[in-house]
Amino acid sequence: NAGVTQTPKFRILKIGQSMTLQCTQDMNHNYMYWYRQDPGMGLKLIYYSVGAGITDKGEVPNGYNVSRSTTEDFPLRLELAAPSQTSVYFCASSYPDSHEQYFGPGTRLTVT
Amino acid sequence: AQKVTQAQTEISVVEKEDVTLDCVYETRDTTYYLFWYKQPPSGELVFLIRRNSFDEQNEISGRYSWNFQKSTSSFNFTITASQVVDSAVYFCALSGGGTGTASKLTFGTGTRLQVTL
């Protein structure tokens with residue numbers, strides 16, 4: 001199993017551009033999550049999904065959108081990139097009966 | 001609302017010293033889970049341990065040990081005989097709710113551990 005994979009690993013955006021961060025898991029996990037980690041800080045939850053077609057906001061959802069059309073994929077969309085969205089983004093997944101999350105390697109995003 | 005506090009921002013020790021990382025949490029949930037993650041300089045998150053709120057038995061795994069005390073809302077982590085490879089940022093995290101609920105983790109701000117020769 002590849003586990004949780006994220007693409008790209010690095011990206012530089014200009015202010016106002018849009019992009020999609022990809023996340024895929026091959027463990028058949030129902031639950032998936034997106035977090036951001038700002039420099040020197042812990043992770044904060046952006047959005048999460050408990051299954052295909054179901055998404056909900058986390059602590060810091062503003063400026064982001066998500067969709068969940070399949071169990072495997074949970075893309076994160078930035079519509080109008082702002083410098084405040086410069087961060088490392090982590091995707092994670094888990095089974096419904098376990099609170100243990102499996103994290104991807106992260107995407108480092110810089111908005112200038 | 002949930003909260004995790006890691007008061008130690010940075011700790012420096014000499015190799016072979018023991019070091020304890022502190023974690024204090026707040027939650028209104030009666031069922032919850034506590035975690036420790038390690039983030040080495042390469043940036044990935046490495047899962048270390050999970051504890052549920054009904055299991056206060058402390059655990060030792062090799063050089064790692066954990067002390068969970070509900071009475072003081074603490075979940076401390078000790079590394080015995082530290083090594084240079086232990087240098088990393090360590091995060092304590094909390095997830096409320098029982099099985100079948102989404103695990104929305106609340107992270108502390110992390111403790112950076114520097115182990116030198």
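We name chains A, B, ... by the order of the sequence lines, and we start the count at 1 in each one.
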*Could you check which of B:Val46, B:Leu45, B:Thr109 has the highest count of heavy-atom pairs closer than 4.5 Å to chain A?*
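Highest number of heavy-atom pairs under 4.5 Å: B:Leu45.
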*Which one of B:Arg112, B:Glu44, B:Lys104 has the most heavy-atom pairs closer than 4.5 Å to chain A?*
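Of B:Arg112, B:Glu44, B:Lys104, B:Lys104 has the most heavy-atom pairs under 4.5 Å with chain A.
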*What are the residues of residues 6-15 of chain B, in order of number, with any heavy atom under 4.5 angstrom from a heavy atom of chain A?*
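Within residues 6-15 of chain B, no residue comes under 4.5 Å from chain A.
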*Toward chain A: residues of residues 79-88 of chain B with heavy atoms under 4.5 Å*: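 So no residue qualifies.
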*Do A:Gln37 and B:Phe91 have side chains that get closer than 4.5 Å, going by heavy atoms?*
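When only atoms from C-beta onward are counted, B:Phe91 and A:Gln37 do touch, with a gap below 4.5 Å.
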*Can you find a heavy atom in the side chain of B:Leu105 that is under 4.5 Å from one in the side chain of A:Tyr33?*
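Counting from C-beta outward, B:Leu105 and A:Tyr33 never come under 4.5 Å.
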Tell me, yes or no, whether the heavy-atom count around [X] atom [atom1], taken from other residues, nucleotides or ligands under 6.0 Å, exceeds 12.
| X | atom1 | answer |
| --- | --- | --- |
| B:Arg51 | CZ | yes |
| B:Lys38 | NZ | yes |
| B:Lys70 | NZ | yes |
| A:Ile12 | CD1 | no |

*What is the distance from atom CZ of A:Phe103 to atom CZ of B:Phe47, rounded to the nearest 0.5 Å?*
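That separation rounds to 10.5 Å.
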*Can you tell me how far the OH atom of B:Tyr37 sits from the CD atom of A:Gln101, to the nearest 0.5 Å?*
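Answer rounded to 0.5 Å: 5.5 Å.
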Mind checking whether [X] and [Y] sit in one hydrophobic cluster, side chains of I, L, V, M, F, W, Y counted as touching below 4.5 Å?
| X | Y | value |
| --- | --- | --- |
| B:Leu21 | B:Tyr64 | yes |
| A:Leu13 | A:Leu21 | yes |
| B:Ile49 | B:Tyr32 | yes |
| A:Tyr48 | A:Ile46 | no |
| B:Phe107 | A:Tyr102 | no |

*Select one option (side chain, backbone, both, neither) describing which atoms of A:Phe90 are under 4.5 Å from chain B's heavy atoms.*
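The side chain, not the backbone.
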